[in-house]
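For reference, the structure discussed in these notes is given below.
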There are 2 protein chains.
Amino acid sequence: MRWSEIDQQDCSVAQALSIVGDRWTLLILRDAFMRVRRFEDFLESTGAPRPVLSERLKTLVDNGVLEKQQYSERPDRFEYRLTEMGLDLWPVLISLLRWGDKWMPDKDGPPVIVSHKGCGHVVVPELACPECGEWLTATDMEAHRRRSMQRA
Amino acid sequence: MRWSEIDQQDCSVAQALSIVGDRWTLLILRDAFMRVRRFEDFLESTGAPRPVLSERLKTLVDNGVLEKQQYSERPDRFEYRLTEMGLDLWPVLISLLRWGDKWMPDKDGPPVIVSHKGCGHVVVPELACPECGEWLTATDMEAHRRRSMQRA
DNA sequence: TCCTTGAGTTCAGAAATCAAACTCACTAAG
DNA sequence: CTTAGTGAGTTTGATTTCTGAACTCAAGGA
């Protein structure tokens, strides 16, 4: 199977990765959450090569993760903003951040911290059970396939 | 900058992606969480090409995400299991699963469901604030860089 | 002895990535 | 009104990566 065909797997993780699983894409989104919006700024902040950035932004827009908004006429200039679909990737980025901080800590402490506007604390968000409210780890959970693997 | 150099970025997300951000790697981990352990089974379940799978497993082991355990002498046979570091990637996979289910739903319902052993419910884990316990979304949070971007 | 299995490695062609240079539509400076 | 600069891309050609198919190796079984 080719990477470009993983969206044919009957699996939501594969579906998600078919959109955000390419090189540089999650770094672009990381920076979008940090309020980066313009092409030249993404170039600088992500370090992605120009043609790759161009292609990635295009597919993120096509898939509804970013939207392209005009911020100047004459000359025509556009910027890229997270859509609701894009904002909803926050947990993915936060989980990667948390894992990186935990297992590959920097000697000078975490480069980025996250605070909760509601309570004002600097926090490391954790997964909890929406039914009983308990904090969750891998061993508390059980994943179950509801039907045999197939070509979607 | 090259993709192979993103571990030089002073950013935990980039650090994390330098280990799990390559093509196929997160699909391998997805299946590891579903109790897949052997080379030929990973081949089948992920769809990754043979040489790619071989290389990815090697770097996951080298980085401490998986461990290689012997399950047979004569002939020598090994299997791959998640380490504590690997198990701790659960939130990343769950977040991708949740996002895929929400924004690219399958007409037959979610292919995989997750249940909480503690309370027995089928759940969709969500991020919560460890300080005040409130459920969190992107707009409730603020990410803040603690020092200027640099080469780590 | 020959066939099969599991776990890879090797190989050569195809696809993706990369850095550098180029384009295009303007604006600003002299 | 000619030249330089800016932002947002394309184009180009060399380099890496990926990919499928074939091959290897150690052992087990018929």
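Every chain is numbered from 1 and lettered A, B, ... according to where its sequence line falls, protein lines coming before strand lines.
Neither OP1 nor OP2 of C:dA15 sits under 4.0 Å from any side-chain N or O of A:W3. Here A:R56 reaches the OP1 or OP2 of C:dT17: one of its side-chain N or O atoms lies under 4.0 Å away.
Backbone-only engagement by A:Y71 is indicated by non-hydrogen atom pairs under 4.0 Å involving sugar-phosphate atoms exclusively. Using a 4.0 Å heavy-atom criterion, one finds that B:R74 contacts the sugar-phosphate atoms exclusively. Within 4.0 Å of B:R23, counting heavy atoms only, lie sugar-phosphate atoms of the nucleic acid but no base atom.
Looking at the side chain of A:K58, the nearest of the listed nucleotides D:dT10, C:dC18, C:dA7 is D:dT10. Nearest to the side-chain atoms of B:P51 among the listed nucleotides D:dA8, D:dA27, D:dT19 stands D:dT19. You'll find that the side chain of A:E40 is closest to D:dA8, out of D:dT19, D:dA8, C:dG8.
At whole-Å resolution of the value, CD in B:Q69 and C1' in C:dA7 are 17 Å apart. Taking atom CG on B:L43 and atom C1' on D:dA21, their separation rounds to 13 Å, with Å as the unit. Going from atom CZ of B:R2 over to atom P of D:dT15 covers 11 Å, rounded to whole Å. Atom CD in B:E5 sits about 13 Å away from atom C1' in C:dT17, given to the nearest Å. Here D:dT16 presents its P atom at 15 Å from CH2 of A:W24, a figure rounded to the nearest Å. Between A:D76 atom CG and C:dT27 atom C1' the separation is 14 Å, expressed in whole Å. Atom CD of A:Q70 is separated from atom P of C:dC26 by 11 Å (rounded to the nearest Å). Whole-Å rounding puts the B:L53 CG to C:dT9 P distance at 11 Å.
Proximity of B:V114 to B:W90: side-chain heavy atoms (C-beta onward) are separated by under 4.5 Å at one or more points.
Pairing each heavy atom of A:W3 with each of B:R23, the nearest pair is CD1-NE, 3.3 Å.
Under a 4.0 Å N-O distance rule, the pair B:R38/B:E79 qualifies as a salt bridge.
Nearest-nucleotide positions on DNA chain C for B:Y80 and A:P49 put B:Y80 closer to the 5' end. In terms of position along DNA chain D, the nucleotide closest to B:S4 lies nearer the 5' end than the nucleotide closest to the other residue of the pair B:S4 and B:R50. Nearest-nucleotide positions on DNA chain C place B:R77 closer to the 5' end than the other of B:R77 and A:E73. Between A:S54 and B:D22, the residue anchored closer to the 5' end of DNA chain D is A:S54, taking for each the nucleotide with the nearest heavy atom.
Geometric assessment of A:K68 against the ring of A:F78 yields a positive cation-pi assignment under the 6.0 Å and 45° thresholds. A cation-pi arrangement, defined by a distance under 6.0 Å to the six-membered ring centre and an angle within 45 degrees of its axis, is absent between B:R77 and B:F39.
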